[in-house]
Each structure stands twice: as structure tokens, then as C-alpha cells.
There are 2 protein chains.
Amino acid sequence: MSANSRLTIAAHALTWIGLYQRRGHEVASSEQIATSVNTNPVVIRRLLGELRKAGLADSRRGAGAGWMLARDLAAITLLDVYQAIEPGPVFALHRATPDPECVVGHGIGPAMTAVYEDVEAALCRELAKTTLEDVLRDILKAA
Amino acid sequence: MSANSRLTIAAHALTWIGLYQRRGHEVASSEQIATSVNTNPVVIRRLLGELRKAGLADSRRGAGAGWMLARDLAAITLLDVYQAIEPGPVFALHRATPDPECVVGHGIGPAMTAVYEDVEAALCRELAKTTLEDVLRDILKAA
DNA sequence: GCCGTTGTAACAACTATGGTTACGATGAGG
DNA sequence: CCTCATCGTAACCATAGTTGTTACAACGGC
């Protein structure tokens with residue numbers, strides 16, 4: 001799979017907005033965020049649109065438009081962000097149904113599904129440990 | 001991302017070989033395995049080739065050729081298989097370097113890297129809990 | 001009405017995966 | 001030493017997801 005940087009970009013964008021607001025600004029434009037991320041503003045708008053649907057960000061249109069956080073950085077975990085961007089599952093079963101006449105072909109699906117559910121759960125537990133406030137603290141500490 | 005079924009196929013192939021050998025056969029052909037997996041024999045040979053490099057499987061050429069396990073099913077964990085097929089990382093950093101002049105752009109990389117390492121470690125711990133013997137037991141129990 | 005910004009569609013480039021065909025290399029058995 | 005089933009591998013195509021880009025309509029404070 002091509003490596004997936006969506007979570008990195010989303011966390012970057014939200015953290016940037018959080019710091020910008022903390023410095024007294026009301027809203028941040030996708031252009032400003034894109035400059036920090038080093039990508040195209042449309043990429044940022046697309047991603048922030050998904051985060052808005054999940055209730056993590058909000059936007060204003062018209063003049064004086066831009067983006068703001070819907071919740072405080074401390075109230076957003078990386079799991080929230082991960083689930084907001086709805087990634088495909090890390091592992092998948094067979095593309096084509098295996099031979100149901102074969103014992104292994106018949107039983108491998110449920111067996112692997114059980115394992116994959118445990119793995120995804122562990123992954124989510126780990127992501128839930130870190131908030132964007134933690135991320136910002138790390139960033140400011142290292143600077 | 002297109003969902004990744006490589007681990008599923010690899011586990012299926014190895015488990016199939018293990019059961020086949022347990023029933024008294026010396027080697028399994030990629031053709032037989034491909035029938036159970038419902039795919040092309042070349043796909044199986046490609047994947048088993050990677051597993052052989054990792055010391056999990058072995059093959060014989062010439063007449064009476066085919067595949068066998070290099071270790072017992074009980075001595076192969078899903079983590080062994082996962083590492084053998086060398087998947088790309090689940091998460092990646094930015095594709096283009098973020099703005100180093102920006103506090104967030106400068107510090108976000110190390111901060112996210114630390115999190116991603118913890119996540120991968122948790123994922124590996126979870127995969128290491130299950131051996132192919134466990135998988136085969138589940139399969140036979142459900143049949 | 002002006003103008004900067006969002007919202008969104010459309011398209012191209014790139015990558016990973018999976019399926020397929022083709023063919024040389026191998027090596028036990030006759 | 002010939003045969004033949006099978007491996008080993010290259011080459012190619014289709015599909016799908018991600019990212020970057022251009023273009024343009026919609027919005028709304030001024």
C-alpha cells in the first residue's frame with residue numbers, strides 16, 4: 001500500500017490551528033496551513049472537511065473566512081482523528097473467496113478476522129493514548 | 001489504500017502446507033495451494049519466495065518439486081509472517097518536508113514518529129500472540 | 001457589488017497490489 | 001541423456017488509493 005500520511009497531515013493541520021488560535025487569531029486559512037504542511041490548500045480543505053464532519057473542526061465562509069477547532073486540543077486524541085478520516089482496514093481478507101470445499105479455505109476467513117479485530121483494537125488503544133495537546137507539548141519542548 | 005491481503009494469503013498458504021504435510025505428504029505445489037486460496041499459482045510462488053527468504057518455508061525444484069515448511073506451525077507466529085512480507089509502515093510522515101521555519105512544521109515529524117513507533121510495536125505484540133498452530137486449531141474446530 | 005476564502009468537481013501522476021502469460025532452470029525418474 | 005512437472009522470475013495490465021493541481025461556483029462581511 002502506498003504509505004498513508006493522512007493522519008500525519010490531519011494532526012499537523014489541527015495542531016497548527018490550535019497554536020494559531022492560542023496566539024490570538026480567530027480563524028486560520030487553508031492557505032496558511034498548506035504553507036506549513038508544504039502542500040496544496042485543496043488537500044488541506046479536503047481533509048479538514050472530513051474532520052468537520054466528525055466534529056473536530058469548523059469553518060466559516062465569506063469574508064473573514066477560515067478554519068477553527070471545534071474542540072480544545074486536549075479533547076482530541078489521535079484516535080479521534082484516525083477515525084475521522086475513515087481509513088480502510090489495515091489488513092484485509094482474500095480478494096476472491098477461497099475454496100469453500102477445502103477445510104483451510106473454508107475456515108481461514110473467520111480465524112483471521114478474529115485476529116485482525118484484536119490488532120485493530122490494540123492500534124486504537126495506542127492512538128487513544130495521545131492527544132493533540134500532547135503532540136503540541138512535544139513540539140514546543142523540542143523547539 | 002487498497003486493502004492489504006498479503007498477510008491473509010501468506011498465512012493461508014503456510015497453514016495449508018502444514019495440514020497437507022501432517023496428512024503424510026512431503027511437498028505441496030503452488031498449483032494446489034492456489035486452488036485453495038482461489039488465485040494464480042504465480043501469486044503463491046511470489047509470496048512463498050519471500051517467506052523462504054525469511055526462513056519460514058522451503059522449496060524443492062525438479063521432478064517431485066514443491067513447497068514445505070521450514071519450521072513447525074507452532075513455531076511460526078503471525079508476526080513472523082508479517083515481518084517476512086515486509087509491509088510498508090502503517091503510517092507515514094509528510095510526503096514533502098513541511099516548512100522548517102514553522103514551529104509546528106519543524107517539530108511535528110519527531111512527535112508523530114514517536115507515536116507511530118509505539119503503534120507499530122503494539123501491532124507487533126498483538127500479531128506475536130497467535131501462531132499458525134492456533135490458526136489451524138481454530139479452523140479445524142469450526143469445521 | 002467586491003473580494004478573499006471555502007466547497008467541490010475533475011483530472012493527472014504515482015504507487016501498491018493482484019492477476020496473467022510466458023519461458024528458462026531444475027532435477028528425479030526412466 | 002531425455003522427459004516432464006514444477007519452481008523462479010520477468011513482463012505486462014487492471015484496479016484502486018493517495019496526492020497534487022486547476023478551475024470555478026458559493027458564500028458573506030464589508
Side-chain angles (χ1 to χ4, degrees), chain A residues 1-10 12-13 17 20 25-35 37-53 57-68 70 82 85-98, chain B residues 1-10 12-13 17 20 25-35 37-53 57-68 70 82 85-98:
Chain A
M1 155 189 349
S2 60
N4 194 352
S5 66
R6 288 163 59 85
L7 180 56
T8 302
I9 308 294
H12 187 151
I17 298 172
Y20 195 64
H25 303 88
E26 281 221 14
V27 298
S29 76
S30 59
E31 176 93 37
Q32 295 172 306
I33 303 169
T35 298
V37 174
N38 189 14
T39 185
N40 193 292
V42 176
V43 173
I44 300 298
R45 291 205 289 269
R46 272 201 298 234
L47 211 40
L48 284 177
E50 298 182 56
L51 298 176
R52 180 181 45 208
K53 279 185 207 153
D58 215 342
S59 66
R60 276 207 308 239
R61 306 186 63 170
W67 296 86
M68 64 203 86
Y82 177 72
I85 59 184
E86 290 194 69
V90 177
F91 298 113
L93 294 184
H94 309 67
R95 182 173 291 197
T97 310
Chain B
M1 160 191 337
S2 61
N4 193 354
S5 66
R6 287 162 61 83
L7 180 56
T8 302
I9 309 294
H12 186 152
I17 298 172
Y20 195 63
H25 302 87
E26 281 222 14
V27 297
S29 75
S30 60
E31 176 93 36
Q32 296 172 307
I33 303 169
T35 298
V37 174
N38 189 13
T39 184
N40 194 290
V42 176
V43 174
I44 299 299
R45 291 204 289 270
R46 271 201 299 235
L47 210 40
L48 283 177
E50 297 183 59
L51 298 176
R52 181 181 45 208
K53 279 185 209 154
D58 214 343
S59 66
R60 277 207 308 241
R61 306 185 64 170
W67 296 86
M68 65 204 84
Y82 177 73
I85 60 184
E86 291 194 68
V90 177
F91 298 113
L93 294 185
H94 309 66
R95 181 173 292 199
T97 310

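Sequence lines set the chain letters: A, B, ... in the order given, protein chains first and strands last, and positions in each chain run from 1.
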Would you kindly give the [atom1]-to-[atom2] distance between [X] and [N], to the nearest whole Å?
X      : N       : atom1 : atom2 : answer
F91(A) : dT17(C) : CZ    : P     : 12 Å
L93(A) : dG18(C) : CG    : C1'   : 16 Å
L7(B)  : dT17(C) : CG    : P     : 12 Å
E31(A) : dG20(D) : CD    : P     : 15 Å
E50(A) : dT19(D) : CD    : P     : 10 Å
D58(B) : dG8(D)  : CG    : P     : 9 Å
L47(A) : dT6(C)  : CG    : P     : 14 Å
H25(A) : dT5(C)  : NE2   : P     : 13 Å

- Query: What is the distance from atom CZ of R95(B) to atom OG of S5(A), rounded to the nearest 0.5 Å?
  - Reply: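 R95(B) CZ to S5(A) OG: 6.5 Å, rounded to 0.5 Å.
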message: To the closest 0.5 Å, what do you measure between CD1 (I17(A)) and NE2 (H25(A))?
response: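 If we round to the nearest 0.5 Å, I17(A):CD1 and H25(A):NE2 are 13.5 Å apart.
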Any [X] side-chain N or O less than 4.0 Å from OP1/OP2 of [N]:
X      : N       : result
S29(A) : dT5(C)  : no
S30(B) : dC7(D)  : yes
S59(B) : dG8(D)  : yes
S5(B)  : dG18(C) : yes
R95(B) : dC14(C) : no

Counting only side-chain heavy atoms from C-beta out, which of dT21(D), dG27(C), dT6(C) sits nearest to A63(B)?
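For the A63(B) side chain, the nearest candidate turns out to be dG27(C).
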Closest to the W67(A) side chain, choosing from dG7(C), dA9(C), dG20(D):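 Nearest listed nucleotide: dG7(C).
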Contact check, side chains of V90(A) and N4(B), non-hydrogen atoms, under 4.5 Å: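 Side-chain contact under 4.5 Å: no.
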Do the side chain of [X] and the base of [N] come within less than 3.5 angstrom through a donor-acceptor pair of N or O atoms?
X      : N       : result
R45(A) : dG7(C)  : yes
R61(A) : dC27(D) : no
R46(B) : dG19(C) : yes

Residue whose closest nucleotide on DNA chain D lies nearer the 5' end, P41(B) versus N40(A):
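Taking each residue's closest nucleotide, the earlier one in sequence belongs to P41(B).
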Practice task
Determine the contact category for G49(B): base if any of its heavy atoms lies under 4.0 Å from a base atom, sugar-phosphate if only primed atoms, P, OP1 or OP2 are that close, otherwise nothing.
Solution key: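 No contact.
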For G64(B), report the nucleic acid contact type (base, sugar-phosphate, nothing); a contact means any heavy atom under 4.0 Å.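 G64(B): no heavy atom of the nucleic acid under 4.0 Å.
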TODO: Verify side chain to side chain contact (heavy atoms under 4.5 Å, CB included) between V27(A) and R60(A), making sure each step is shown before the conclusion.
DONE: CA-CA 8 Å; V27(A) 298; R60(A) 276 207 308 239; 3.5 Å; yes
- Message: Checking L48(A) against I33(A) for the side chain to side chain contact (heavy atoms under 4.5 Å, CB included) test, could you report, in this order, the C-alpha distance in whole Å, the side-chain angles of both residues, the deciding distance, and whether it holds?
- Response: CA-CA 11 Å; L48(A) 284 177; I33(A) 303 169; 3.9 Å; yes
inquiry  = Strictly distance-based, threshold 3.5 Å: is any side-chain N or O of T8(A) a donor or acceptor partner for the main-chain N or O of H94(B)?
reply    =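 No: the side chain of T8(A) does not pair with the backbone of H94(B).
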